[in-house]
Amino acid sequence: MESDVGFKAALEEAKKGDEEGGVPIGAALVSADGKVLGQGHNMRLQRGSATLHAEISALENAGRLPASAYKGATMYTTLSPCDMCTGACIMYKVKRVVIGENSTFVGGEDYLKQRGIEVVVLKNAECEELMKKFIKEKPGDWNEDIGEEKFQ
């Protein structure tokens, strides 16, 4: 599954975020027939945004789509989705969420499952290393990104 076009796109987006000095999380929304509808990366630091997480960026870059476009779609994300991004996946009724890694952060995976969305965790070492490096180097920015009050 890691060879899927969606996972590759999400990982490339995470690397872009890392190169820009942002939170290295990427995402890609892929249709049931394998077409990348939108992809993006976390841009909170780069744009001073309160909400531009990777999954939200991918949805935004997909543009306005009819509800039918999300049926059967998969959201690929390099990190377990936070509550906000979990909610977006539920709202648009994506069928599946494929997560690069969840050892550095576990988001709304259980809630996704409760709402009937398939969750797959790849345990990808490259995704994990990107996050570990960022958390070590910028703990204050990381805590801000996940809504913690521990600023440094």
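A single hydrophobic cluster is seen to contain both Phe105 and Leu45, as judged by linkage of ILVMFWY side chains at heavy-atom distances under 4.5 Å, directly or through other members. If you chain together hydrophobic residues whose side chains sit under 4.5 Å apart, Leu52 and Met91 never meet in one group. Side-chain heavy atoms closer than 4.5 Å link hydrophobic residues (I, L, V, M, F, W, Y) into clusters, and following such links, possibly through other members, connects Leu37 to Ile90. Under the 4.5 Å side-chain contact rule for hydrophobic residues, Val120 and Phe7 share a cluster.
Identified under the ring-ring contact (aromatic ring centres under 6.0 Å, His included) test for residues 110-129, with sequence neighbours left out: none. Here salt bridge (Lys or Arg N to Asp or Glu O under 4.0 Å) pairs that include residues 56-75, with residues two or more places apart or in two chains, number zero. The salt bridge (Lys or Arg N to Asp or Glu O under 4.0 Å) contacts involving residues 29-51 comprise Arg44-Glu144, Arg44-Asp145, where partners must be two or more places apart or lie in separate chains. Applying the ring-ring contact (aromatic ring centres under 6.0 Å, His included) test to residues at least two apart or on different chains, none of the pairs has a partner in residues 12-39.
Under the 4.5 Å side-chain criterion, counting only non-hydrogen atoms from C-beta, Phe134 is in contact with Asp141. Using a 4.5 Å cut-off on side-chain heavy atoms (C-beta onward), Pro24 and Asn42 make no contact. Between Ser49 and Ile56 there is no side-chain heavy-atom pair separated by less than 4.5 Å. The closest side-chain heavy-atom distance from Leu130 to Thr78 is not below 4.5 Å. For the pair Thr74 and Val94, the minimum side-chain heavy-atom distance is 4.5 Å or more. Side-chain contact between Leu122 and Glu101 is absent, with no heavy-atom pair separated by less than 4.5 Å. For the pair Leu79/Cys127, no side-chain contact is recorded, criterion being any heavy-atom separation below 4.5 Å from C-beta on.
In this structure, Glu129 has no side chain to side chain donor-acceptor pair (under 3.5 Å) partners at least two apart in sequence or on a different chain. Every residue two or more places apart in sequence or in another chain that forms a salt bridge (Lys or Arg N to Asp or Glu O under 4.0 Å) with Glu128 is listed here: Lys132. Residues satisfying the side-chain contact (heavy atoms from CB on, under 4.5 Å) criterion with Val121, sequence neighbours excluded, are Ile99, Asn102, Glu109, Val119, Lys123. Evaluation of the side-chain contact (heavy atoms from CB on, under 4.5 Å) rule for Tyr70 yields Leu29, Leu59, Leu65, Tyr92 as partners, not counting sequence neighbours. Contacts of Lys113 classified as side chain to side chain donor-acceptor pair (under 3.5 Å), with partners at least two apart in sequence or in another chain: none. Under the side-chain contact (heavy atoms from CB on, under 4.5 Å) criterion, Ala27 pairs with Ala54, Glu55, Ala58, Met75, Thr77, sequence neighbours left out.
In terms of heavy-atom proximity, Pro81 sits nearest to Val97 at CG-CG1, 4.4 Å. Across Gly40 and Asn61, no two heavy atoms sit closer than the pair CA-ND2, 3.9 Å. In this structure, Cys89 and Leu112 approach most closely via the heavy-atom pair CB-CD2, 4.0 Å.
A donor-acceptor contact shorter than 3.5 Å is absent between the side chain of Ser80 and the backbone of Val106. At distances below 3.5 Å, not a single donor-acceptor pair connects side-chain atoms of Ser57 with backbone N or O atoms of His53.
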Using a 3.5 Å cut-off and no angle test, enumerate the donor-acceptor pairs between side-chain atoms of residues 16-23 and protein atoms at least two apart in sequence or in another chain.
{"unit_1": "Lys16", "atom_1": "NZ", "unit_2": "Glu13", "atom_2": "OE2", "d": "3.4"}
{"unit_1": "Glu20", "atom_1": "OE1", "unit_2": "His41", "atom_2": "NE2", "d": "2.9"}
{"unit_1": "Glu20", "atom_1": "OE1", "unit_2": "Gln46", "atom_2": "NE2", "d": "2.8"}
{"unit_1": "Glu20", "atom_1": "OE2", "unit_2": "His41", "atom_2": "NE2", "d": "3.4"}

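For Lys15, the NZ atom is densely surrounded, since the number of other residues' heavy atoms within 6.0 Å is greater than 12.
Summarising the geometry, atom CG belonging to Asp4 is positioned 13.0 Å from atom CG belonging to Leu11; distances are rounded to the nearest 0.5 Å.
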